[in-house]
2 protein chains.
Amino acid sequence: MLGGTTRDRQAERREATQLEILDAAWSMAREAGLAEITLRGVAERVGMRAPSLYTHFGSKHAIYDAMFGQAWAECLTQFESLRDQVPEDAREALRFIARSFFDFAVSDLPRHQLMNLRTIPGFTPSAHNYAPAVATLDLAREIFIRHGITAQEDLDLFTALVGGLVDSQHANDPGGDRWARLLDRAIDMLADDLGLP
Amino acid sequence: MLGGTTRDRQAERREATQLEILDAAWSMAREAGLAEITLRGVAERVGMRAPSLYTHFGSKHAIYDAMFGQAWAECLTQFESLRDQVPEDAREALRFIARSFFDFAVSDLPRHQLMNLRTIPGFTPSAHNYAPAVATLDLAREIFIRHGITAQEDLDLFTALVGGLVDSQHANDPGGDRWARLLDRAIDMLADDLGLP
DNA sequence: GTCTATACACCGATAGAC
DNA sequence: GTCTATCGGTGTATAGAC
């Protein structure tokens, strides 16, 4: 049907423009910092005026929100692709997951700030864009359970431990490896606590 | 000498006004959030106009900077007063320090954000106001050494561990104790790793 | 020295013309 | 869908009153 095709075309075009805007926002975040994004700056990068962005996003926070969803979706995709590579041995599995998450978080500061820190004043992710974050944690939980680690407290301790190392690395030795070097040791510490062989 | 007295009076008055401004800023931070401080809001609380604040602080960041110094000085003072209460036993000592820091960090969100997170866009503490932070860490290091823990990596792991729990608590269960309950266990984990009895 | 009034450049957001 | 014009807000520079 012609009407249907037209509508699809328009929807595609619209989605493409939204992606273009988000790409511009990421680019500006990486250049100037996550919090330094401005609508005028983003608009300029896509060849628009600032108010035109409101055709595609209801507010600046809505742009952050969409970026939040993108980032966690990216993380989820990576974890799903790594799913079959998780070692059989529980201790090795913990190390593998921890290293994967650590590297992902450390490799992109603005992305990590948006995903895991509350660095944008007043921003809270919507339920819709929070979903891939939940899915990622669920996936981690599933892998943990598969390796016999079932207590929520154990997963909580794991996330706090890895998160603490990531934040320390970013805050106190950006670009270095002072805390990255401690990751395996930290995980072994936890594995011992869990009674893993 | 009269000139000296006058100068002292003026200096005292000036310092008092500065403290008044900082108190107003803390009050506004606790009401509206750390990042939501505005110069006009702070000025109104002390009965001034916004530009008048520039008589006492060179910029908004300079106010954040002074607050940063206050917060860490507060932390240092508390740790110094606790110094003689640190248990002899190394494991108990670790628990004690960890709990002290955890409680201090969790009891005041805006203060913790300013001290430990980089939540204010573009803000970096000056060397002068960073000093009490260094002194606090030095004090912690000294206590660690007194208990036979001398490696920098051990202290790094300790700070990352406690920091990770604090951040998780603030971000995922504010006002609760989901990660607070894991603190002793986490410290025991580390103590075991260090070969402590 | 302290404070004020004024002004400026920038921000996110809205209204309405095309 | 994109534009121009504009609004209320911000931090801050400056000139001048007391």
Side-chain angles (χ1 to χ4, degrees), chain A residues 6-25 28-29 31-68 114 119-124 126, chain B residues 2-25 28-29 31-68 114 119-124 126:
Chain A
T6 303
R7 200 162 42 243
D8 288 355
R9 268 245 171 72
Q10 283 179 353
E12 265 178 42
R13 184 89 182 81
R14 189 173 165 75
E15 199 172 337
T17 306
Q18 285 180 359
L19 282 180
E20 216 178 321
I21 291 171
L22 294 178
D23 284 349
M28 188 167 184
E31 268 181 42
L34 181 67
E36 278 70 19
I37 293 179
T38 66
L39 294 183
R40 285 166 174 84
V42 172
E44 192 180 6
R45 282 163 199 262
V46 296
M48 279 186 187
R49 303 292 175 162
S52 305
L53 297 177
Y54 283 84
T55 306
H56 303 278
F57 294 96
S59 69
K60 188 186 184 184
H61 276 19
I63 296 182
Y64 279 125
D65 195 39
M67 294 167 75
F68 180 93
L114 183 56
T119 184
I120 303 299
F123 168 66
T124 321
S126 65
Chain B
L2 225 157
T5 307
T6 302
R7 200 162 43 242
D8 288 355
R9 268 244 172 72
Q10 282 179 354
E12 265 179 42
R13 182 89 181 81
R14 188 174 166 74
E15 200 171 336
T17 307
Q18 284 180 359
L19 282 180
E20 215 179 321
I21 292 171
L22 294 178
D23 284 349
M28 188 167 183
E31 269 182 41
L34 181 67
E36 277 71 19
I37 293 179
T38 67
L39 293 184
R40 284 165 175 85
V42 173
E44 192 181 5
R45 282 163 199 261
V46 295
M48 281 184 186
R49 304 294 176 163
S52 307
L53 298 176
Y54 281 82
T55 306
H56 303 277
F57 295 96
S59 69
K60 187 185 184 184
H61 275 17
I63 296 182
Y64 279 125
D65 195 38
M67 294 167 76
F68 180 93
L114 183 58
T119 182
I120 303 299
F123 167 67
T124 321
S126 65

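In what follows, every chain begins at residue 1, and chains take the letters A, B, ... in the order their sequences are listed.
- One atom, CD of A/Glu15, and another, P of D/dG1, lie 14 Å apart when rounded to the nearest Å.
- Listed in residue order, the members of residues 58-67 of chain B having a heavy atom less than 4.0 Å from DNA chain D are B/Ser59, B/Lys60.
- Against DNA chain C, the stretch residues 44-57 of chain A makes heavy-atom approaches under 4.0 Å through A/Pro51, A/Tyr54.
- For B/Thr17, the side chain to side chain contact (heavy atoms under 4.5 Å, CB included) partners two or more places apart in sequence, or in a different chain, are B/Arg13, B/Ile21, B/Met48, B/His56.
- Here the CG atom belonging to B/Leu53 is positioned 11.0 Å from the CD atom belonging to B/Gln18, to the nearest 0.5 angstrom.
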Please tabulate the protein-to-nucleotide N/O contacts below 3.5 Å involving nucleotides 15-18 of chain D, giving atom names and distances.
none

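- Here A/Ser59 pairs with A/His61, A/Ala62 under the side chain to side chain contact (heavy atoms under 4.5 Å, CB included) rule; sequence neighbours left out.
- In this entry the distance linking CZ of B/Arg13 with C1' of C/dG1 reads 12 Å, nearest Å.
- The local environment of CD in B/Glu36 is crowded, with over 12 non-hydrogen atoms from other residues, nucleotides or ligands closer than 6.0 Å.
- Between the side chain of A/Tyr54 and the backbone N or O of A/Lys60, no donor-acceptor pair lies under 3.5 Å.
- By the side chain to side chain donor-acceptor pair (under 3.5 Å) test, A/Glu31 pairs with A/Arg45, sequence neighbours left out.
- Separating the CD1 atom of B/Ile21 from the P atom of D/dG11 is a distance of 14 Å, rounded to the nearest angstrom.
- When the P atom of C/dC10 is taken as reference, atom CD of A/Glu36 falls 16 Å away, rounded to whole Å.
- Rounding to the nearest 0.5 angstrom, the gap separating the CE atom in A/Met28 from the CG atom in A/Leu34 is 11.0 Å.
- Scanning for side chain to side chain contact (heavy atoms under 4.5 Å, CB included) contacts around B/Glu44 gives an empty result, with sequence neighbours left out.
- Straight-line distance from the CD atom of A/Gln18 to the P atom of D/dT2: 11 Å, rounded to whole Å.
- Atom-to-atom distance recorded for B/Phe68:CZ and B/Leu114:CG is 6.5 Å, nearest 0.5 angstrom.
- Within the nucleic acid shown, B/Arg14 comes within 4.0 Å of sugar-phosphate atoms alone, with no base atom in reach, counting heavy atoms only.
- Every residue two or more places apart in sequence or in another chain that forms a side chain to side chain contact (heavy atoms under 4.5 Å, CB included) with A/Ser126 is listed here: A/Asp65, A/His128, A/Asn129.
- Expressed to the nearest 0.5 Å, how far CG of A/Leu39 lies from CZ of A/Phe57 amounts to 11.0 Å.
- One N or O donor and one acceptor, one from the side chain of B/Arg40 and one from the base of D/dG11, sit under 3.5 Å apart.
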